[in-house]
Protein chains: 2
Amino acid sequence: MSYETAIEGQDLARARGSKKRTRIQAENEERILDAALEVFSRYGFRGATVDQIAEKAGMSKPNLLYYFRRKHDLYTAVLTRTLDMWLAPFGEMAEDGDPEAELTGYIRQKLEQSRDFPHESRLFIGEILLGAPHLDAVLKTDLKSIVEEKAEVIRRWIGDGKLLDVDPVHLIFMIWATTQHYADFDAQIRSVLGRGIEDPATFRAASDTVIGVLMRGILPAHG
Amino acid sequence: MSYETAIEGQDLARARGSKKRTRIQAENEERILDAALEVFSRYGFRGATVDQIAEKAGMSKPNLLYYFRRKHDLYTAVLTRTLDMWLAPFGEMAEDGDPEAELTGYIRQKLEQSRDFPHESRLFIGEILLGAPHLDAVLKTDLKSIVEEKAEVIRRWIGDGKLLDVDPVHLIFMIWATTQHYADFDAQIRSVLGRGIEDPATFRAASDTVIGVLMRGILPAHG
DNA sequence: GGAACTTCTGACCATCCGGACAAATTCTTC
DNA sequence: GAAGAATTTGTCCGGATGGTCAGAAGTTCC
């Protein structure tokens, strides 16, 4: 599954129709995308400035615009680069596994994502706040279908008596909400706890609580 | 509990030291604040423009700036106006009540907030994404202390054997995450479900699932 | 070591944005 | 209905912002 949008001139190699991308090209584009991720995730599309991204990437604005001709191209490039990786753990949830193990593993992976890639999480919520203008098509097709697919898996587990009867889609939302919360609300969590999810003890407390409450909430009483 | 910041010139009446606010003043300030809430919650502080807010409020930019001299004043005015109301249900959770009823009621109220005041929810997450520059002091004092206070209540319930042994602060985070998710991720939810939390059936499914899973996750097995 | 190509930069431009200001209009009060 | 206060608007300004362009500097490859 690939979410690449077919926008012309998105990056240099594609725009020029050249065969190979140079070493410098690859390096700089990566530096730019990393910088853009940080800035877009904090300020949103409108609030971010090309100058700011260029400075963070360690190059001049015209040079950045040599690689991505428009701010908008850069934004969609960051979004699409991130989306596949972001949804990957969801796809790994297997029907033939043990529901408790599969779901526990998935929740843990999502918490690790929030810890290790908070900018990516915040980039998406910024786009969602805007009404998802750039992701709308992808959400309504690819995301919707993969959610329905996994909801069907959960429904079968419920039918087999392995899970309590809960609405599968809302359960998925609960998992996303509780795990991404640690990335998206980092500043708030840090104010209350004094530390964020990157702190090992905090990560352990968070994952114990989230996994404990959610799993007890959906597993049949044992015994 | 009031979170009013002591910023000079925040609004007209205060800035001029006048005794009463006129009818027109009150009306226009409210219209401006409503419009500002919508725009700031979508685009964030930087991404919002004064022109856009003025247009949505149905007045010219200079006239808006007559009421709020700086964009920044308007932003903090919207934030502070919203914060008290936003945290109100949390304060209502009473220690002497039944834990199950108190927590269920609180979760339901938070879901109603997400349904009825989604802009307010999104305004806050925008501020949090920015690193909470305007709310930092308030979060580290008032929010922190009220969270600690309620965590203590939950801890006592646990001590009395009325709740399972979970980390109270992370439980609070879970409640906030799962309920505000329906406001903050509205666009995503709408893409997947085809409708949002304002739809009665969706609201019912969401609240049944969230309340069901969370309460089963923290209440001692009955029987 | 030089031709051809890629990468980078400084200077520049049009537009947008937050904000100032004086003058015009409307409202309140007597 | 006139004085005085409150409200509204048009116009303007300086700085920021997205983006262009011509040419300089660097790289690759023969």
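In what follows, chains carry the letters A, B, and so on, assigned in the order in which the sequence lines appear, proteins first and then strands, with residues in each chain numbered from 1.
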Student: Check the distance between D:dA6's P and B:Asn63's CG and give it to me in whole angstrom.
Tutor: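 Atom CG in B:Asn63 sits about 15 Å away from atom P in D:dA6.
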
Student: Just how far, in rounded Å, is C1' of D:dG18 from CD of A:Gln52?
Tutor: 14 Å

Student: How far does the helix from C:dG1-D:dC30 to C:dC30-D:dG1 bend, going by the axes of its first and last five pairs, to the nearest 10°?
Tutor: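 The angle separating the two end axes equals 30°.
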
Student: Please list, one pair per line, the donor and acceptor atoms closer than 3.5 Å that link side chains of residues 194-204 of chain B to other protein atoms, with sequence neighbours excluded.
Tutor:
residue	atom	partner	partner atom	Å
B:Arg195	NE	B:Asp199	OD2	3.0
B:Arg195	NE	B:Thr202	OG1	3.2
B:Glu198	OE1	B:Arg190	NH2	3.2
B:Glu198	OE2	B:Arg190	NH1	3.4
B:Asp199	OD2	B:Ala201	N	3.4
B:Asp199	OD2	B:Thr202	N	2.9
B:Asp199	OD2	B:Thr202	OG1	2.8

Student: Would you say A:Tyr67 places a side-chain N or O within less than 4.0 Å of OP1 or OP2 belonging to C:dT6?
Tutor: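 A:Tyr67 to C:dT6 OP1/OP2: no side-chain N or O under 4.0 Å.
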
Student: Roughly, in whole Å, what's the span from CZ in A:Arg31 to P in C:dT7?
Tutor: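 Taking CZ of A:Arg31 and P of C:dT7, I get 13 Å after rounding.
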
Student: Short question: side chain of A:Ser114, backbone of A:Thr179 - any donor-acceptor pair under 3.5 Å?
Tutor: yes

Student: Starting at atom CD1 of A:Ile32, determine the distance to atom P of D:dG18, rounded to an integer number of angstrom.
Tutor: 15 Å

Student: Among all residues two or more places apart in sequence or in another chain, which pass the salt bridge (charged side-chain N to carboxylate O under 4.0 Å, His left out) test with A:Glu149?
Tutor: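 Partners of A:Glu149 under the salt bridge (charged side-chain N to carboxylate O under 4.0 Å, His left out) test: none.
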
Student: State which residues pass salt bridge (charged side-chain N to carboxylate O under 4.0 Å, His left out) with A:Arg155; sequence neighbours excluded, sorted by chain then number.
Tutor: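 Scan of A:Arg155 (salt bridge (charged side-chain N to carboxylate O under 4.0 Å, His left out), adjacent residues dropped) gives A:Glu152.
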
Student: Return no unless some side-chain N or O of A:Gln25 is found under 4.0 Å from OP1 or OP2 of C:dT6.
Tutor: no

Student: Can you name the residues that form a salt bridge (charged side-chain N to carboxylate O under 4.0 Å, His left out) with A:Asp208, not counting sequence neighbours?
Tutor: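 Checked A:Asp208 against salt bridge (charged side-chain N to carboxylate O under 4.0 Å, His left out); zero matches.
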
Student: Residues two or more places apart in sequence or in another chain: which of them pass side chain to side chain contact (heavy atoms under 4.5 Å, CB included) with B:Glu102?
Tutor: B:Met93, B:Ala94, B:Trp157

Student: Give every residue pair that meets the salt bridge (Lys or Arg N to Asp or Glu O under 4.0 Å) criterion with at least one member in residues 53-66 of chain B, sequence neighbours excluded.
Tutor: B:Glu38-B:Lys56, B:Asp51-B:Lys61

Student: C:dC8, OP1 or OP2 - any side-chain N/O from A:Ser60 closer than 4.0 Å?
Tutor: no

Student: Does the distance from a Lys or Arg side-chain N to an Asp or Glu carboxylate O, for B:Lys144 and B:Glu148, drop under 4.0 Å?
Tutor: yes

Student: Using a 4.0 Å heavy-atom cut-off to protein, can you give one letter per nucleotide of nucleotides 15-30 of chain C, 5' to 3': B if the base is in contact, S if only the sugar-phosphate is, - if neither?
Tutor: --SBBBB------S--

Student: Specify the separation, in whole Å, of atom CD1 of A:Ile53 and atom P of D:dG19.
Tutor: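 A:Ile53 atom CD1 is separated from D:dG19 atom P by 11 Å.
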
Student: Name the closest nucleotide to the A:Tyr66 side chain, picking from C:dC8, D:dA6, D:dT9.
Tutor: C:dC8

Student: Starting from P on D:dT17, measure out to CD on A:Glu55 and report it in whole angstrom.
Tutor: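 Going from A:Glu55 (CD) to D:dT17 (P), I get 11 Å.
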
Student: Reckon A:Asn28 has a side-chain N or O less than 4.0 Å from the OP1 or OP2 of C:dC8?
Tutor: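 Yes.
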
Student: Could you state the CE-P distance from B:Met59 to D:dA6, rounded to the nearest angstrom?
Tutor: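 Taking atom P of D:dA6 as the reference, CE of B:Met59 is at 18 Å.
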
Student: Using whole Å, what does the distance between atom P of nucleotide D:dT7 and atom CZ of B:Phe68 come to?
Tutor: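 Between P of D:dT7 and CZ of B:Phe68: 13 Å.
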
Student: Show me the pairs that pass salt bridge (Lys or Arg N to Asp or Glu O under 4.0 Å) and involve residues 123-139 of chain B, at least two apart or across chains.
Tutor: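 Those involving residues 123-139 of chain B are B:Asp136-B:Lys140.
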
